[in-house]
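Read the structure below first, then the notes.
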Amino acid sequence: MIARVALPIPRAAPFDYEVPLGLSVAVGDRVRVPFGPRHLWGIVVGVVAEPTFPGRLLPIEATSGPFLPPSTVSIIEEVSRRSFVPVGLALARLVPLPSRVRVRAVELAVPAEAASDLARRAPAQARILAAVAEGTTEVGALRRIPGGDRAVAALLRKGILRPRRLPFSYREESRAVALTSAQRAAVEAMRVGIGSGRKYLLFGPPGAGKTEVYLRAVVEGLARGKAGLLLVPEVSLLPQLWTRAGRVLGSPPAPYFGELRPGERWESWHGAQEGRIHCVVGTRSAVFVPFPDLGVIALDEEGEPAYKQEEMAPYYHARAVAELRAGREGAAVVLGAAAPSVETYSRAERGEIELLRLPQRVVGAEPAVRIVPRGDEVIGPALEEAVGRHLARRGQILLFINRLGFYTGAACRCRAILRCPDCEIPLVFHLSERAFRCHACGRVQRDPACPNCGETRFHLFGVGTERVEHEAKRLFPRATVARLDADAARDRDRILSSFATGEIQILVGAQMVGKGLDFPGISLVGIVNADQLLSTPDFRAGERTYQLIAGAAGRAGRGERPGEVIVQSDQPDYYAIRCAVRGDYAAFYGEEMRYREALRYPPFSRLVRMVVTGSGAEGKAGQVARDLGSHGFEVLGPARLFPRRGIPRAQLLVRGKDDVVELLAAALPQPPSWLRVDPDPIWLG
DNA sequence: AGCACGCCGACT
DNA sequence: GTCGGCGTGCTC
């Protein structure tokens, strides 16, 4: 017998190994094999009679037995094939390794009276129990109490304390929800899909109660013994979803996302695989979590670009993986959106996906939306007036700005723009570091000089989250202002909780605050710079603009108070802005489709992005373009890209029909290491 | 990914 | 004359 073993090595097909007599090996097993001078663990992706490798085979050294279900191996194989990434590398990046959970917090496992009896003769343990009773649950803090180190261990061993594993500290008051008839009809329709692999687009404005529908669909699946998987585009949306899922499902779901501790990630993955965990909430990587019997996969805000992994191999779109899995595992896929991607909406129009509409808001009322000129100020007079008015009425305010930092650009008086010497992109000034930062490579420069003339003083311009926060504090010194962006991600949980309790009155945020957050206290949303959303030279700029404005606007007026939205823009007639402020997706979709058709962009074609990295990138890209052209491919480019960390880059686009990826795979069986192939790119820059 | 082999600059 | 820079190439 020969085992085909995927090893965690870039750019290599699986390796053939001899299965020694007496050892039994199957697809999905984890095995240890000799590899050159070293030993590696790999995953068996095939067991065959005849090897493909012509040379001598070495034997497998050891096996740790079944590790992945064959269905997961096959999904990841498919993902790796579609993204031109070696299977072994894809497996290594997508599958967590066994890891122990470190106890970070504890809770009382027995009634308090019983505990105090047990600890009467152990003063250190009694001190720990007293501290726990007073709310100190962090193991780190408890160990600092004299004798705490051993006492905590003893109490855990005796079962008086138990590990407390709550992934988020976010809390909110639970609200009982009754479904509207449209919501009930949607859940009813999805019932058919569970077990049959059908796809649904749940389309409704913000506040139409989409989350409740996913959760009820999951409950339907659970009732039939089938697991549920709920995906959101951003980690910041997980605390709220996790809390609500716990309420509807009766017990909290397991979280799964990239920045989770290895032990906790393994616990969720492995628990799901073993059938102990029946519901997982997570971000895009959670789409791979193995369940023996999956009933429902829901993707909230399906049009969000965060569902596409593009910065690192393997390149995949969680929506595509969800659909692939659903087809094979008979799960229902529910794509939810207020502003679907035009690709998905056009598939629903063609009947490939069943369209389920939620016509109106169930929480709050339609907000009043106004476009005001942007002018030179960060927070213009109209927005300033509105913020003051809402503060006076004890409403909460969300200010949305899609750039990080304080000033987003610096110009020298010789007209040169200050750029990263390695990446060539404009440097952003961050007040928190009192320095300039390159958002591509992260490099920080304290006092850079103009490369042109040596000047060290610059004219600073552009608006980022820090500057909006600063302006809000300056204009409203008595309000509590907080900022939630990637730079403040460490405090995300705390900030969200304080916002939920109303302690924070003005929240300034990028990206992550603009989507599914549901805080009934928000009465005003200000979109500080709608025009900047359009500035990306990308065919999806219109769609992004629509999504961001509609999404941010949808945060307003979800409670008792009427909502108000103010969009600062100097291009109020641009179709994406005009349609978004009216919440008119149909009109936006119509215009967008006309534009996409005229320029033959998706969904009227399929694109594959190819990025060449390294010295001579442009020359190599030209060569690839000519080669592909002579094979009959339609090639756009090559175009020079900004270098990354000083390494030159160039890209080209291949345009074709649905089969373009398969045709490319045939033409390029093994792309060289300097060529990255990314089908269906989300960003073209 | 590692780790080899393999050809051109600054040093004992 | 060596030590060592990291450019291609291989690992079943």
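All chains are named by letter (A, B, ...) in the order of the sequence lines, taking the proteins before the strands, and each is independently numbered beginning at 1. Not measured: the values here are computed from a predicted model. Computed from heavy atoms alone, side chains included, the values below leave out hydrogens, waters and symmetry copies.
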The single option from A:Arg640, A:Arg644, A:Arg649 passing salt bridge (charged side-chain N to carboxylate O under 4.0 Å, His left out) against A:Glu424
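Output: one option passes, namely A:Arg640.
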Parallel, tilted or perpendicular: which one describes the rings of A:Phe288 and A:Tyr316, with boundaries at 30° and 60°?
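Ring orientation, 0 to 90° scale: perpendicular.
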Should the pair A:Phe35 and A:Phe15 be assigned to parallel (<30°), tilted (30 to 60°) or perpendicular (>60°) ring geometry?
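The arrangement is perpendicular - the two ring planes meet at more than 60°.
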Base-pair string, DNA chain C, Watson-Crick plus G-U, cut-off 3.5 Å on both distances, | for inter-strand, is |||||||||||.
Indicate whether the side chain of A:Ser341 and that of A:Glu302 have a donor and an acceptor atom separated by less than 3.5 Å.
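Distance-only check passes for A:Ser341 and A:Glu302.
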NA contact type, A:Pro34, heavy-atom cut-off 4.0 Å: base, sugar-phosphate, or nothing?
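The residue A:Pro34 makes sugar-phosphate contact but no base contact.
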Between [atom2] on [N] and [atom1] on [X], what's the gap in Å once rounded to a whole number?
{"X": "A:Arg38", "N": "B:dA4", "atom1": "CZ", "atom2": "P", "value": "10 Å"}
{"X": "A:Arg11", "N": "C:dT8", "atom1": "CZ", "atom2": "C1'", "value": "15 Å"}
{"X": "A:Arg32", "N": "C:dC12", "atom1": "CZ", "atom2": "C1'", "value": "16 Å"}
{"X": "A:Phe35", "N": "C:dC10", "atom1": "CZ", "atom2": "C1'", "value": "8 Å"}
{"X": "A:Ile9", "N": "B:dG2", "atom1": "CD1", "atom2": "P", "value": "8 Å"}
{"X": "A:Leu40", "N": "C:dT11", "atom1": "CG", "atom2": "C1'", "value": "9 Å"}
{"X": "A:Phe15", "N": "B:dA1", "atom1": "CZ", "atom2": "C1'", "value": "11 Å"}
{"X": "A:Arg56", "N": "C:dC10", "atom1": "CZ", "atom2": "P", "value": "20 Å"}

Centroid distance under 5.5 Å and plane angle under 30°, A:Phe53 vs C:dC12
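A:Phe53 vs C:dC12: stacking yes.
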Between the side chain of A:Glu304 and the main-chain N/O of A:Gln547, is any donor-acceptor distance below 3.5 Å?
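A pair under 3.5 Å: no.
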So which of A:Arg483, A:Glu466, A:Arg437 actually passes side-chain hydrogen bond (donor to acceptor under 3.5 Å, both in side chains) with A:Ser432?
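Of the listed residues A:Arg483, A:Glu466, A:Arg437, the side-chain hydrogen bond (donor to acceptor under 3.5 Å, both in side chains) partner of A:Ser432 is A:Glu466.
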With respect to A:Asp680, which candidate in A:Lys308, A:Arg606, A:His317, A:Arg609 satisfies the side-chain hydrogen bond (donor to acceptor under 3.5 Å, both in side chains) definition?
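With A:Asp680 as partner, side-chain hydrogen bond (donor to acceptor under 3.5 Å, both in side chains) holds for just one option, A:Arg606.
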When you measure from the side chain of A:Pro37, which nucleotide among C:dT11, B:dC3, B:dA1 comes out closest?
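Ranking C:dT11, B:dC3, B:dA1 by closest atom to the A:Pro37 side chain puts B:dC3 first.
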